[in-house]
Each structure stands twice: as structure tokens, then as C-alpha cells.
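These figures come from a predicted structure and were not determined experimentally. Residues: numbered from 1 along the sequence shown.
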Amino acid sequence: MKNYGKILMLASGISLFAVASSNAQIVVRARLERPRTVVVVRPLRPSPRHVWVAEEWTPSGGTYVYKAGYWAERPHPRAYWVAGRWHHSHRGYIWISGHWS
């Protein structure tokens, strides 16, 4: 019975140590750069209803992918495009996607 108590105490100590050390955080920092070979050529506007949506970063598979600019039709006559931007927070930079307003 004494051996069982020792084994139980040892197992408790190991599990407490494992729980105490499992609070590690993983921080991933990436330097995202605009592709150097991209030349932005804005094609002719298809119609007066279209608005240029500038190039931006879009989330894809746990990272961000560069998306070229394009012409888009306004969802309603007075809509305007608010470009995406990087927002700095205490955890790093977060991409706020562009949207219609």
C-alpha cells in the first residue's frame, strides 16, 4: 500500500508540473511584402457604376495572400469602398479587410 501511495504522489507531482508548464504561447511574426513583380495597371472603367477596389491582403490558409485590384459595381448608388488597412494591437498587426460603406 505504501508503494501505491508513492506512485500516486509521484504521478500527481508530474501532472502538476505538466499543467504549470503548458501555458506556453506561440507567436508567429511574418514580414509580408507586396510582390515585387506586380505592376498595377488599372484597366478602363467598365461603366460609371464601377469603383476601383485597390489591391489588398486576404486571409487564406492561415496566412495572408496578395490580391490585385479590380473594378467592382457598387452595391447601391451611394456606396463607397473603404480600403483595407493594417491595425496595430498589443498582439501584433491585424489586417482589417476593405469593405463597402
Residues that Arg85 engages under salt bridge (Lys or Arg N to Asp or Glu O under 4.0 Å), provided they are two or more places apart: none
Gap separating the CH2 atom of Trp52 from the OH atom of Tyr70, nearest 0.5 angstrom: 10.0 Å
Salt bridge (Lys or Arg N to Asp or Glu O under 4.0 Å) pairs, two or more places apart, involving residues 57-74: Arg49-Glu73
Minimum heavy-atom distance between Trp100 and Ala72, given as atom pair plus value: CZ2-CB, 3.9 Å
Residue pair Trp71 / Pro46: nearest heavy atoms and the distance that separates them: CG-CD, 3.6 Å
Sub-4.5 Å side-chain heavy-atom contact between Glu56 and Tyr66: no
Tyr93 and His87, any side-chain heavy atoms less than 4.5 Å apart: no
